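Heads up: the structure comes next, in structure tokens.
Keep in mind that the numbers below use all heavy atoms, side chains included, and drop hydrogens, waters and symmetry copies. Just so we're on the same page: letters track the sequence lines, and every chain starts at 1. Note that this is a predicted model, so its numbers are computed, not measured.
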2 protein chains.
Amino acid sequence: MVARTGRAQRRTEALSRERITEAAVELLDASGEGGLTFRALSERLATGPGAIYWHVANKGELLEAATDAVVAAALAEPAEAAGSPRDEIRAVALGLFTAVAEHPWLATQVSLQLSHGPTKSVPLRIFEGIGRHVGALGVPEDSWFTVASALMHYILGSAAQNASNARVAGSVVDRAEFLDEVSAAWEKLDPDDYPFTRAVARQAREHDDREQFLAGIDLILAGIHAR
Amino acid sequence: MVARTGRAQRRTEALSRERITEAAVELLDASGEGGLTFRALSERLATGPGAIYWHVANKGELLEAATDAVVAAALAEPAEAAGSPRDEIRAVALGLFTAVAEHPWLATQVSLQLSHGPTKSVPLRIFEGIGRHVGALGVPEDSWFTVASALMHYILGSAAQNASNARVAGSVVDRAEFLDEVSAAWEKLDPDDYPFTRAVARQAREHDDREQFLAGIDLILAGIHAR
DNA sequence: ACCTGAACACCGTTCAAGT
DNA sequence: ACCTGAACACCGTTCAAGT
């Protein structure tokens, strides 16, 4: 039973950073961060583990490349008929929100890169993607940094929290059941320790993710003009 | 050279979940997530790897317990002479911000828990800690959920981004040098791809982390009253 | 009930050898 | 220049055996 069956088919194309990254994303989507190993990856690419190291320095770089590819795709919206800055920002926000819903591993990876410094390509891409439209919003220039940061952090946090819903919610029914469970769990919390969470448990049951998400964006945008 | 020197001293206290969690936090602080292994942990506790499994189910649970302990401590402020809701929120925010600065591994762990569902204790603690004061803010009840979420996500995102600064900045001089480097890196970006980031590069150099952070909180709070 | 420590399966990474 | 695949060091986890 020596598995010569291992590699599915003879490789036709040469290996490349792009092909490797693509396969890594597929593996991550299929089974999360634990599913991405050099062995699984090399089998999928019909090669040996060592070959990958010719194109990628290590696992961290691989994860970074996979994250970067997905984020770049999410931000590369058609950008058709440019709407108002507000609409543009909502579009960017929803694009990222959707990307995390489709790739739940993304949330942790972006947070990791964020905590590795503001010169990493992923945080930069996102910051620029949002900031570009903040400039057009008519905000005084010395608020640009604050506004773009607030929007970026809110978007990434909400997306992370939503990633869990996405894991469960295949259908609308599952979705409703899931919300019921969360709501019920919240209502069972200790009244002394969690009065607030209990109080909003009903809202949690009724809320629509995207609507809720966009309401937060609007809240932040409203803050700009209030000052 | 068989290392019977391994365990530093005979254990005096019995093992417990608390002692294990405490040692885990120390290891994480000293060398990040990579530094937390069952072998290193058991050596520090003067026991064998297997012993830990009597108190903790697996590594995930260990990480969860460590995160929970640190977050709980950060939220357990003296709560002396209660200030305005606004001040209370700023205090909670700064407490979390500081905790992440002191424990850079915290950012990724909280994000991980966030993406594992809204019934995990860490997200719940934070949500409640903030929400409690949102209720006192005079906001209509149907905005509570949105406002508390927006604040929580902004806080966690900012803290994550700041974790990287913390890793570098021992002294004020290091800090200034670091900001100069970031700013310089941003100014070297492609003008076509990163016009916005380049435009705020100067602001990045001059900004004060905490001030910037609190400005974002104020922005969100301002949004509430603008509606 | 709690601890010990060897053993197992698996992982990231390296590297001499091939083409 | 690029790929192969065995080998190394290390890790999470299990479990028979002890107290």
Check: A/Leu179 main-chain N/O paired with A/Arg205 side-chain donor or acceptor under 3.5 Å: no
Separation of atom CZ in B/Arg39 from atom C1' in C/dA6, rounded to whole Å: 11 Å
Integer-rounded Å distance: D/dC15 C1' and B/Ile52 CD1: 16 Å
Interatomic distance, B/Tyr53 OH vs C/dC2 P [rounded to whole Å]: 19 Å
Of B/Gly50 and A/Pro49, the one whose closest DNA chain D nucleotide lies more 5': A/Pro49
Stem segments of DNA chain C by first residue number [Watson-Crick or G-U, under 3.5 Å, at least 3]: C:4-8 with D:12-16, C:12-16 with D:4-8
B/Trp144 side-chain N/O to A/Gln203 backbone N/O, donor-acceptor pair under 3.5 Å: no
Charged N-O contact under 4.0 Å between B/Arg132 and B/Glu88: no
Side-chain donor or acceptor of A/Lys120 paired with backbone N/O of A/Leu112 under 3.5 Å: no
Flag for B/Thr108-B/Glu33: side-chain donor and acceptor within less than 3.5 Å: no
Ring geometry between B/Tyr154 and B/Phe213 (parallel below 30°, tilted from 30 to 60°, perpendicular above 60°): parallel
Atom-to-atom span, CH2 of A/Trp54 to P of C/dG12 - whole angstrom: 21 Å
Residues from residues 56-63 of chain A lying under 4.0 Å of DNA chain C - heavy atoms: A/Asn58, A/Lys59
Any donor-acceptor N/O pair, B/Ser111 side chain to B/Ala107 backbone, under 3.5 Å: no
Pair A/Glu61 + A/Arg17, salt bridge at N-O below 4.0 Å: yes
Residue B/Leu15, side-chain heavy atoms: nucleotide from C/dC11, D/dC3, C/dC3 that is nearest: C/dC3
B/Glu43 CD - C/dG5 P separation (whole Å): 13 Å
Carboxylate-amine/guanidinium proximity below 4.0 Å for A/Glu22 and A/Arg44: no
Value in whole Å for how far the C1' atom of C/dG12 lies from CD of A/Glu33: 13 Å
Min side-chain heavy-atom separation A/Thr119-B/Glu181 under 4.5 Å: no
Under 3.5 Å side-chain donor-acceptor pair for B/Gln212 and A/Ser149: no
Rounded interatomic separation in angstrom, taking CZ from B/Phe38 and P from C/dA6: 18 Å
Please list each protein N or O that sits under 3.5 Å from an N or O in nucleotides 16-19 of chain C, with the distance.
none

Length of the line joining B/Arg19:CZ and C/dC2:P, which is rounded to integer Å: 15 Å
